[in-house]
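Structure record follows, encoded as structure tokens.
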Amino acid sequence: MYDYAPGKVDWLARNLPSEGELASRPTAGSFVRRDVATCQLDQPVGPVRERIDETPYGFALVLSPKGVLLGRLRRSALDGDPNAVAESVMEPGPTTVRPDTPAGELAERLRKKDLKTAILSDPEGRLLGIVLRRELEADAV
Amino acid sequence: MPTPIEIDRLQELLGGGAQLVDVLPTRVYGEQHLPGAVNIPLTQLDRETTAVLDKRSAVVVYCWDYI
């Protein structure tokens with residue numbers, strides 16, 4: 001016999017499927033988008049800037065080789081030396097939310113802080129994607 | 001004593017046909033549980049209630065979290 005000690009909380013925080021009355025409730029994970037630009041710590045920001053411009057977002061996310069979120073690169077901070085590495089200009093440790101956060105609750109939190117996006121990560125801090133507040137709010141209408 | 005496992009081992013066991021047992025109260029189980037899990041609340045775990053389990057397959061129990 002085995003004990004999945006991290007339990008249901010861990011399972012749901014990985015955006016894995018579930019069953020039950022609340023399983024169909026919209027969560028942040030229902031709206032995850034994976035088209036955000038990413039890079040690694042030692043990559044020059046010049047090419048990253050170009051990749052950001054190909055997305056609808058104003059930032060890229062810096063990941064470890066295992067996909068753990070390390071930082072955020074705002075597009076507005078990348079107009080300097082294109083050879084500077086991501087680590088030197090990133091904002092370390094951006095706030096993330098778990099994908100099982102109810103969509104309406106997250107929309108309200110983002111609205112109160114006047115934020116347009118949220119970053120989703122799993123219990124190991126690996127990037128799952130981002131969600132847009134407008135998409136959460138549109139679903140709530 | 002059950003062997004503690006994490007998500008990777010759980011996925012392996014489920015791939016091999018392991019049975020999942022949610023030991024949370026029935027109301028909580030009804031709200032949301034892992035796919036395919038059966039509910040045997042912790043307070044009701046005994047020889048009779050676990051008779052529904054296939055003794056030839058691995059059994060994985062889970063609760064809410066580590067606590």
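Here is the naming used below: chain letters follow the sequence lines, and residue numbers restart at 1 for every chain.
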Donor-acceptor pairs between chain B and chain A under 3.5 Å, which ones?
residue	atom	partner	partner atom	Å
T3(B)	N	M1(A)	O	3.0
T3(B)	O	D3(A)	N	2.8
I5(B)	N	D3(A)	O	2.8
G30(B)	O	E21(A)	N	2.9
E31(B)	O	E21(A)	N	3.0
E31(B)	O	L22(A)	N	2.7
Q32(B)	O	K8(A)	NZ	2.7
Q32(B)	NE2	S18(A)	OG	3.0
H33(B)	N	E19(A)	O	2.7
H33(B)	O	E19(A)	N	2.8
H33(B)	NE2	E19(A)	OE1	3.3
G36(B)	N	E19(A)	OE1	3.2
G36(B)	N	E19(A)	OE2	3.4
V59(B)	O	Y2(A)	N	2.8
V61(B)	N	Y2(A)	O	2.8
V61(B)	O	Y4(A)	N	2.9
C63(B)	O	K8(A)	N	3.0
W64(B)	O	K8(A)	N	3.0
W64(B)	O	V9(A)	N	3.0
Y66(B)	N	A5(A)	O	3.3

L41(A) with L73(A), same ILVMFWY side-chain cluster at under 4.5 Å: yes
Common cluster, L24(B)/L45(B), ILVMFWY with side-chain heavy-atom separation under 4.5 Å: no
Hydrophobic cluster membership, V68(A) vs I130(A), 4.5 Å side-chain cutoff: no
Same apolar cluster: L53(B) and L42(B), side chain cutoff 4.5 Å: yes
Interface residue of largest heavy-atom contact number with chain A, from L13(B), L10(B), L34(B), under 4.5 Å: L34(B)
Linked, directly or transitively: L127(A) and V97(A) (ILVMFWY side chains, under 4.5 Å): no
Chain A contact via L20(B) - which portion, at a heavy-atom distance below 4.5 Å: neither
